Amino acid sequence: MNCVFCKIIKKEIPSKIVYEDELVLAFEDIAPQAPIHILVIPKKHYSTLLEMNEEEKELLGHIFMVINKIAKEKGVDERGFRVVLNCNSQAGQTVYHIHFHLLAGRQMHWPPG
């Protein structure tokens, strides 16, 4: 597998890690779309959200708790932040390893894209 995020998890590619545990890794996006732009990824490879099933609901819950923790640590919990997950090309997914974008530090607009 030639997945860039799997290489980041294995520390084969450097990244600015902001959180890590046995299930997930969170790191700064290399092309940030907001002053705070952090990617939160599961360490197990899933190409898209569609590969996940009922067995992964605890992992998905854990990911959102990690996002919550990072938002509080970055001091954006009260001002607000956005969480984005793209699924497949028409939604804008370019790296096929499921990842959640935590965006904050500027006014967000709607619709997003």
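Since this is a predicted model, take the numbers as computed values, not measurements.
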From NZ (Lys69) to CG (Asp21), nearest 0.5 Å: 9.5 Å

Neighbour count >12 (heavy atoms, 6.0 Å) for atom CD, Gln90: no

Path from Val95 to Val84 over hydrophobic side-chain contacts below 4.5 Å: no

Heavy-atom closest pair, residues Gly105 and Pro35: O-CG, 3.3 Å

Hydrophobic cluster identity match, Leu23 and Ile70, side-chain contacts under 4.5 Å: yes

Within-4.5 Å side-chain heavy-atom neighbours: Leu103 and Ile36: no

Within 6.0 angstrom of Lys74 NZ, more than 12 heavy atoms from elsewhere: no

Closest contact, heavy atoms only, Tyr96 versus Ser89: OH-N, 3.0 Å

Asn88 and Leu50: CA distance, side-chain angles, deciding distance, side-chain contact (heavy atoms from CB on, under 4.5 Å) verdict: CA-CA 9 Å; Asn88 283 322; Leu50 298 169; 3.7 Å; yes

Side chains of Glu73 and Tyr19, donor plus acceptor under 3.5 Å: no

Side-chain donor/acceptor of Arg82 to backbone N/O of Pro112, under 3.5 Å: no

Gap separating the NZ atom of Lys43 from the SG atom of Cys6, nearest 0.5 angstrom: 12.0 Å

Shortest non-hydrogen contact from Val40 toward Ala26: CG2-CB, 3.9 Å

Nearest heavy atoms of Leu102 and Ala71, plus distance in Å: CD2-N, 4.2 Å

Close aromatic pair by centroid cut-off 6.0 Å: Phe27 and Phe5: yes

Full working for side-chain contact (heavy atoms from CB on, under 4.5 Å) between His97 and Val4: CA-CA 8 Å; His97 183 125; Val4 66; over 6 Å; no

Which atom of Ser47 lies closest to which atom of Gln93, heavy atoms considered: O-NE2, 2.8 Å

Approximate separation, where rounding is to 0.5 Å, of Leu39 CG and Asp29 CG: 4.5 Å

Joint hydrophobic cluster, Ile8 plus Leu59, side-chain heavy atoms closer than 4.5 Å: no

pair Ile67-Phe100: side-chain heavy atoms closer than 4.5 Å: yes

side-chain contact (heavy atoms from CB on, under 4.5 Å) between Ile98 and Ile41, intermediate numbers included: CA-CA 6 Å; Ile98 188 173; Ile41 64 173; over 6 Å; no

Whether His37 and His101 hold their rings parallel, tilted or perpendicular, with breakpoints at 30° and 60°: tilted

Hydrophobic cluster membership, Leu25 vs Leu60, 4.5 Å side-chain cutoff: no

Under 3.5 Å donor-acceptor, His62 side chain and Val24 backbone: no

Closest non-hydrogen atom pair, His45 against Glu51: O-OE1, 4.5 Å

Cluster link Ile30 to Ile9, ILVMFWY, side chain under 4.5 Å: no

Euclidean distance, Glu56 CD relative to Ile63 CD1, rounded to 0.5 Å: 9.5 Å

CD1 on Ile38 to CD1 on Ile17, rounded to 0.5 Å: 12.0 Å

Pair His99-Asn86, side-chain donor/acceptor within less than 3.5 Å: no

From CD (Glu78) to NZ (Lys72), nearest 0.5 Å: 10.0 Å

Heavy-atom side-chain proximity of Glu28 to Ser15 below 4.5 angstrom: no

N-O pairing of Lys11 and Glu20 below 4.0 Å: yes

